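To start, the structure under review is shown below, and the notes come after it.
Side-chain atoms are counted along with the backbone in the values below, which use heavy atoms only and exclude waters and symmetry mates. Model, not experiment: these values are computed from the prediction. Along the sequence shown, the residues carry numbers beginning at 1.
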Amino acid sequence: MSTSPTLQLSLGPVLFYWTRERYAAFYREAADWPVEIVYLGESVCSRRRDMKLDDWLGIGRELAQSGKQVVIASQTLIESEADLRDLRKLCDNGEFIVEANDQSALQRLSAAGLPFVAGAALNLYNPASIAVMARAGMQRWQAPVEMSRDDLTRLLADCATEGLNQPCEVFAYGHLPLAWSSRCFTARRHQKPKDRCQFVCQKYPEGLPLRSQESKEVFTLNGIQTLSGACQDLRHEVRDMAAMGVAVARLSPRAKGMAEVVAGFDAARRGELPTADPLALVEAEVCDGYWHGRPGMDNTRLPAG
């Protein structure tokens with residue numbers, strides 16, 4: 001029997017480099033999806049210039065009219081003064097709350113007395129660091145992607161004991177963001193220098209698979225960002241997440257099949273997902289190892305052996 005959802009769904013920022021037309025079509029569809037929160041913006045590479053801040057704000061206004069809470073995500077790796085100038089404009093947008101993904105954004109937002117969402121890259125692992133962020137203006141925080149269910153349960157309990165009630169968000173679906181580098185791996189794959197990359201990452205709207213010698217997809221390369229090879233899928237955990245105090249499950253956009261992903265998670269939070277359902281939502285390997293305290297690439301729903 002279905003029940004009213006107690007856990008919100010968010011649509012994370014698009015991590016890959018798409019065309020303007022693909023972004024526009026994607027968010028037109030997303031306006032009708034059962035997600036409460038939508039993150040917008042370029043969080044990976046400043047060279048991806050097809051979309052300007054004004055373009056993101058325009059999409060944000062349309063989504064806000066559809067009843068979505070809109071958050072503008074900041075870049076995770078700041079590398080130049082130009083990046084800082086763009087960051088200042090983003091933090092001072094005057095319309096939407098910002099997700100701070102590095103210390104530069106955190107400093108700018110806290111100094112201005114602006115509320116913010118703390119991204120997973122800020123690495124909040126204990127009540128002391130969460131208390132510091134709360135005093136700086138944090139309204140919600142995303143748990144580190146490698147944090148296990150048991151560790152997060154203890155952390156949420158400790159936060160509640162200390163009166164830290166800022167909502168927690170968990171990365172529940174998508175290729176896990178693992179690392180960022182000053183080098184562009186996708187450009188290197190095409191033997192191009194980073195500053196003359198010709199935007200080759202746009203050829204890979206769901207990233208560039210990196211396979212082991214055994215042909216296993218170990219990582220997904222996305223410009224300067226390294227993602228997991230498999231998609232984390234915590235559909236079967238969302239009811240437990242709500243019970244342990246998680247407020248939001250984040251779904252990271254893919255180029256294909258995202259409507260089905262959202263529908264699957266919406267059904268799961270309403271208790272309408274068969275507990276024995278092993279099927280992947282899209283054509284991609286699935287993982288959930290980190291959540292269960294195991295190697296991140298593990299899939300605990302597969303039979304042992």
Donor-acceptor pairs are to be reported for all side-chain atoms of residues 100-116 against protein atoms at under 3.5 Å, with residues two or more places apart or in another chain.
residue	atom	partner	partner atom	Å
N101	ND2	S74	O	2.9
N101	ND2	E99	OE1	3.2
D102	OD1	S104	N	3.3
D102	OD1	A105	N	3.0
D102	OD2	S104	N	3.3
D102	OD2	S104	OG	3.2
R108	NH2	D92	OD2	2.5
S110	OG	L106	O	2.8
S110	OG	Q107	O	3.2

Please list, one pair per line, the donor and acceptor atoms closer than 3.5 Å that link side chains of residues 138-146 to other protein atoms, with sequence neighbours excluded.
residue	atom	partner	partner atom	Å
Q139	NE2	G137	O	3.1
R140	NE	Y39	OH	3.4
R140	NE	E169	OE1	3.2
R140	NH2	Y39	OH	3.0
W141	NE1	Q166	O	3.3
Q142	OE1	R250	NH1	3.4
Q142	OE1	R250	NH2	3.4
E146	OE2	Y125	OH	2.3

Output a table of donor-acceptor pairs, distance under 3.5 Å, between side-chain atoms of residues 19-27 and any protein atom two or more places apart or on a different chain; print 'none' if there are none.
residue	atom	partner	partner atom	Å
T19	OG1	R22	N	3.1
R20	NH1	D50	O	2.9
R20	NH1	D55	OD2	2.9
Y23	OH	F16	O	3.3
Y23	OH	W18	N	3.2

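The salt bridge (Lys or Arg N to Asp or Glu O under 4.0 Å) analysis of residues 60-75, with sequence neighbours excluded, yields the pairs R61-E95. Sorted by first and then second residue, the pairs that involve residues 174-202 and meet salt bridge (Lys or Arg N to Asp or Glu O under 4.0 Å), not counting sequence neighbours, are E79-K194.
Scored by the side-chain hydrogen bond (donor to acceptor under 3.5 Å, both in side chains) test, R28 finds no partners at all (sequence neighbours excluded). In this structure, the side-chain contact (heavy atoms from CB on, under 4.5 Å) partners of Q8, at least two apart in sequence or on a different chain, are E36, I37, V248. Evaluation of the side-chain hydrogen bond (donor to acceptor under 3.5 Å, both in side chains) rule for E206 yields R254 as partners, not counting sequence neighbours. Listed by chain and number, the residues in a side-chain contact (heavy atoms from CB on, under 4.5 Å) with E214 are S212 (sequence neighbours excluded). Under the rule for a side-chain contact (heavy atoms from CB on, under 4.5 Å), the partners of D150 that lie at least two apart in sequence or sit in another chain are S148, R154. By the side-chain contact (heavy atoms from CB on, under 4.5 Å) test, S80 pairs with A82, D83, sequence neighbours left out.
In this structure, L87 belongs to a hydrophobic cluster whose other members, linked by side-chain heavy atoms under 4.5 Å apart, are I78, L84.
The backbone N or O of G12 lies less than 3.5 Å from no partner atom in the side chain of S10, so there is not a single donor-acceptor pair.
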